[in-house]
Amino acid sequence: MKILRAEHASSTYPVYVGADLLRRRGLLEPHLKHGTVVVVSSAEISKLYLADLKQALWPQQPRLLLVPDGESSKSLAQLDQLVGELLRAGVGRDDTLVALGGGVIGDLTGFTAACYQRGLDYIQVPTTLLAQVDASVGGKTAVNHALGKNMIGAFHQPIAVLVDPGVLRSLPSRALRAGLAEVIKYALIRDAEFFAWLEEHIEELLELRAEALDFAIERSCRNKLEITQGDERETGVRALLNLGHSFGHAIETAQGYAGWLHGEAVGLGLLLAVDLSCRMGLLPAELLGRVESLLQRAALPRRLPSDLTTERLRELMSTDKKKRAGRLRLVLLRALGDAFLCEDFPESDLRETLRHYAF
Ligand code: GLY
């Protein structure tokens, strides 16, 4: 087992990474107060992993609250329902929530923990690659609004994160591939060596080879923590973690969060961000080919959804949270492993990029 320390200004907590950690008896016990433990999960995930997780939570016997699978659960309506169930169960400030699931469960549970009675402890137990390398670490929590993804949320750090790569064996291949988009993201933003490693090893990740998976998850989490520790509330460098997301969120919003997976939209967003960087003369075109090839090997989309016009996509990008003084800011690259926030990209280049990837 590896233990990474997440040292944020508001709190410090461990990120445990290792196979079979869910079944490690009593692992989470030091983090629990003496109150009730409530696991929030979906029917499918809890069937697969609740029995194992009870070992890590031992000697506590957790209650289970179920929420439906899918991005539509990241809603104020679902938050309201969850709060009602917690109130009826008499959950109070000494109790702990545990998010057992992917990014949707993690974000919803984390946001519930942030709001419920002005703040409960919660633990992240991510069961998708995307949540293991990104969403579960760093304390971003949110639900969606019809007008934009993650528009209602809070920074609220978990008290521990338990990453067991063994659970990825039950992950559908589409979700695994979507998670790889976030892994590729770290390499592009700040880790050129990791990018070269991914070019060598991406098939091993797709085949769930344990050694490759452990390496990629730990490297991604380290990269993420090195960024979030210095900028917990995203006043600066943390925004770089949104490489590809201004494009990706706009695609998801256009589809009412019911089309592509988040990672699929981000994967294409990475390609668009690299394309725009190349168009602006910041990057050699050769890198575009390398990114496209990695996405292709991971069978991730390389064209915009057929029913999304470039005008609509551009319009939706304008609601992005990274705007400053009404001006859209995009994360672009000036070299492999060197991302920056750019406000003065030529609008014509952006439109060319969108047109190039339109159907
Ligand atoms: N998922 C991006 C961040 O945590 O900042």
Side-chain angles (χ1 to χ4, degrees), residues 4 6-11 13 15 71 74 99 101-111 113-114 122 124 126-144 148-158 160-161 163 175 178-191 194 216-253 257 260-270 273 320-324 329-333 339-341:
L4 311 180
E7 293 183 353
H8 295 95
S10 67
S11 69
Y13 56 91
V15 179
E71 188 76 23
K74 268 181 65 168
V104 168
I105 300 260
D107 277 10
L108 172 69
T109 307
F111 188 48
Y122 76 110
Q124 290 275 19
T127 59
T128 62
L129 180 60
L130 188 137
Q132 292 188 342
V133 298
D134 187 41
S136 65
V137 171
K140 271 192 183 175
T141 73
V143 295
N144 299 327
K149 192 175 160 79
N150 295 332
M151 284 294 156
I152 308 157
F155 291 99
H156 185 54
Q157 299 291 346
V161 181
V163 178
L180 283 177
E182 296 280 4
V183 174
I184 297 169
K185 175 190 83 173
Y186 292 112
L188 286 170
I189 291 173
R190 69 195 305 271
D191 197 343
F194 187 30
I217 292 172
E218 194 199 325
R219 183 89 169 212
S220 299
C221 287
R222 273 189 201 284
N223 270 300
K224 171 135 196 194
L225 287 172
E226 281 168 16
I227 288 191
T228 61
Q229 284 169 170
D231 181 22
E232 184 177 2
R233 298 183 69 86
E234 198 170 306
T235 52
V237 72
R238 184 167 183 165
L240 300 182
L241 290 172
N242 294 315
L243 178 68
H245 283 61
S246 303
F247 299 100
H249 284 170
I251 294 170
E252 289 181 89
T253 304
Y257 314 115
W260 290 9
L261 300 177
H262 174 66
E264 292 172 327
V266 166
L268 181 62
L270 298 177
D320 197 272
K321 289 195 290 311
K322 286 176 298 306
K323 271 192 309 197
R324 187 190 283 165
R329 294 191 297 164
L330 291 173
V331 186
L332 298 178
L333 296 187
F340 72 107
L341 264 177

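Keep in mind that this is a model prediction, so the values were computed, not measured. Just follow the structure's listing: the first ligand is 1, and inside any ligand the first atom is 1.
- Every residue two or more places apart in sequence or in another chain that forms a salt bridge (Lys or Arg N to Asp or Glu O under 4.0 Å) with Glu218 is listed here: Lys2, Arg222.
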Once you restrict both partners to nitrogen or oxygen, which atoms of ligand 1 have a protein partner under 3.5 Å, and how far apart are they?
{"from": "ligand 1", "atom 1": "1 (N)", "to": "Asp134", "atom 2": "OD1", "distance (Å)": "3.3"}
{"from": "ligand 1", "atom 1": "1 (N)", "to": "Asp134", "atom 2": "OD2", "distance (Å)": "3.0"}
{"from": "ligand 1", "atom 1": "4 (O)", "to": "Lys224", "atom 2": "NZ", "distance (Å)": "2.5"}
{"from": "ligand 1", "atom 1": "4 (O)", "to": "Arg238", "atom 2": "NH2", "distance (Å)": "2.8"}
{"from": "ligand 1", "atom 1": "5 (O)", "to": "Lys140", "atom 2": "NZ", "distance (Å)": "3.0"}
{"from": "ligand 1", "atom 1": "5 (O)", "to": "Arg238", "atom 2": "NE", "distance (Å)": "2.7"}
{"from": "ligand 1", "atom 1": "5 (O)", "to": "Arg238", "atom 2": "NH2", "distance (Å)": "3.3"}

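- No donor-acceptor distance shorter than 3.5 angstrom exists from the side chain of Tyr122 to the backbone of Ala99, with no hydrogens or angles considered.
- Asn223 contributes a side-chain N or O that, together with a main-chain N or O of Arg219, makes up a donor-acceptor pair within less than 3.5 Å.
- Formation of a donor-acceptor pair under 3.5 Å by the Asp107 side chain with backbone atoms of Thr141 is not found in this model.
- By the ring-ring contact (aromatic ring centres under 6.0 Å, His included) test, Tyr186 pairs with no residue at all, sequence neighbours left out.
- Scored by the side-chain contact (heavy atoms from CB on, under 4.5 Å) test, Thr228 finds His8, Lys224, Leu225, Arg238, Leu241 as partners (sequence neighbours excluded).
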